[in-house]
Amino acid sequence: MEVYKFGGASVKDAAAVRNVAGILRSEVTDTTCVVVSAMGKTTNALEVVLDAFYQGRPDAAQTVKAVVETHLHILHGLFPDPAHEAYAKVKALFTDLMREARSLGKTPYDEAYDRIVSYGERLSTCIIAEYLNDQGIGTAELDARNLVITDGHFREGKVLWEPTAERIRKAAAQVREDGLLVALTQGFIARSEDGKTVTLGREGSDYSAAIFSYCLDAEKMTIWKDVPGVLNADPKYFTNTQKLDYISYYDATELAYYGASIIHPKTIKPLQNKHIPLHVRSFMDVAAPGTWVGLDDVPNSEIPSFICKPKQVLLSIYPKDFSFIDESNLSEIFGILVKNGMKVNLMQNSALSFSVCLDQTRGDLDAVLSQLSPRYDCRFNQELELVTIRHHTQEVIDNIVGGREVLLEQRTRQAAQLVLKI
Ligand code: ASP
Ligand code: MG
C-alpha cells in the first residue's frame, strides 16, 4: 500500500480539495492510505479558540465563528445542494466542539489543547471524505485516534508501535477488502491508551504519514507540497535556491533537524528503518519530478544545502576559579540549561570555557545566567544566526559569511556550522 500526505495548504479551500480529488483520480490505482491535515490555518485558529475558552473570556464563543465560516465557505464551494449530508456532519462536529470547549473546567492546559485542536483534522477528513465519495472515489474515513496509540503525553505523544501497527494493518486491510480506493485519516492526532485525544506536536502530520507508512510496510510515501520538491535552501532566507532531485535519509534528517521547514524532523526515521522511499511532490504541478528521499550513495548528493536558524544566542561560560572545563562542570551547566527549558543547537568546549548556541525564544535565559553566576562568568550575544551548510566547500562558506563576523564555527566532513552576526 502507498501512503499520501496532504498538508493544510493543499486543502485550504474548495478549489484545493477539488485538486486533491483530481490527483487521487489520476494517480491512485490501488487502495491508498491518505493522511490529511487541518484545512489552511485552522490549527492556529483553534489555538485562539482554546485560549479564549480556557481563560473564560466573554468573547470566547465569537472566536469559533472564524473557524465555522472558513469551513462553511469550503462546504458551499464543494456541495451546492444545501441539503447535502456534509452540512449536518460538519454542524455536529461544531456542536461537539462548543460543548467540549464550554466544559474544559479545570482540565490541564495541554490536555485541553489536544481535545480542542484535534477538531481541525476531524473537520478536514469529514469534508474531504464526503467530497471524494461524491466524486465516485470510494473512501473510508478512519479516525486516527482509534489507530495511533501513544503514551498519553499531551501535545507530544510518543507512539506505542505495537498496538498502533496492529490497528493500522487491520483497518487498512478492511478498507481494501471493502473494495475502497482511499483509506482517509487525520494527521497529527492520536490517543492515549485510556482513550484521551493526544496530538503529536505542531506540524506533526508528516510524522503521522510516516507512522502509517511504517506500520503498513508501504512501498512508498508521498508528501504533496506547494513547492516543487526539497530545495537546497529556504527561499525565505536565500536567493538562487536549487531543487534537489534526490537526497539521502541522512541528509533529510539533518536538514529537518537544523530547521529546514519542508519535512517534520521525526518523519524520516520510521521510513529509513524500513527503507521506504519518500517522494516530495508538488500538488500544483503533478507532472514535475519532485524530490526522492532514500538510501545513501545517490547522484547529485553533493549539492550544498543551507539551513538558517535565526534568533540564536551564543552563551560562553567560564569557571570563576579558572579550573578547566571538565565533566562535572558540564554536567552542572547542562542541568541548569535543561531545568530552564533551553534548546541547545551547537556546543563547543575548550580548556577554560564552554560555549553553547541556544534558541533565543525558548526557555529562560535570565534564570540560566543567575543560576550559573555563583560559579561561572558568562558572556552572551543575541540576535545571531546559526547557518548549517551540508556538503560545504570553502567558496560556499565564504559566500555565506560575506564579511560578517563569525562567532563560532564547526566543521565535519559532511557539514559546516557557523554562528554569525546578522
Ligand atoms: N494541523 C497541524 C498543524 O498545523 C498538523 C500539521 O499540519 O502537520 O500543526
Ligand atoms: Mg499544517
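Indexing begins at 1, ligand by ligand and atom by atom, following the structure's order.
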**Asked** Could Arg115 and Glu111 be called an ion pair, given the rule that one side-chain N must be under 4.0 Å from one carboxylate O?
**Response** yes
**Message:** I'd like to know if Asp30 and Arg176 make a salt bridge, using a cut-off of under 4.0 Å between side-chain N and carboxylate O.
**Reply:** yes
**Request:** Give the numbers and elements of all ligand 1 atoms closer than 4.0 Å to a heavy atom of Ser205.
**Result:** 5 (C), 6 (C), 7 (O), 8 (O)
**Prompt:** Taking the minimum heavy-atom distance to atom 4 (O) of ligand 1, which of His264, Arg202, Glu121 ranks first?
**Reply:** Arg202
**Asked** Where is the tightest heavy-atom contact between Arg122 and Glu141, given as atom of each residue plus distance?
**Response** O-OE2, 4.2 Å
**Item:** Check: Gln360/Glu383 side-chain N/O donor and acceptor closer than 3.5 Å
**Value:** yes
**Item:** Contact (N/O only, under 3.5 Å) between Gly204 and ligand 1
**Value:** yes
**Message:** Please list, in number order, the atoms of ligand 1 under 4.0 Å from a heavy atom of Thr43.
**Reply:** 1 (N), 2 (C), 3 (C), 4 (O)
**Item:** Distance filter under 4.0 Å to Ser37 heavy atoms, resulting ligand 1 atoms
**Value:** 6 (C), 7 (O), 8 (O)
**Request:** Given side-chain contact (heavy atoms from CB on, under 4.5 Å), test Phe6 with Leu24 step by step and report yes or no.
**Result:** CA-CA 11 Å; Phe6 289 97; Leu24 295 176; 4.3 Å; yes
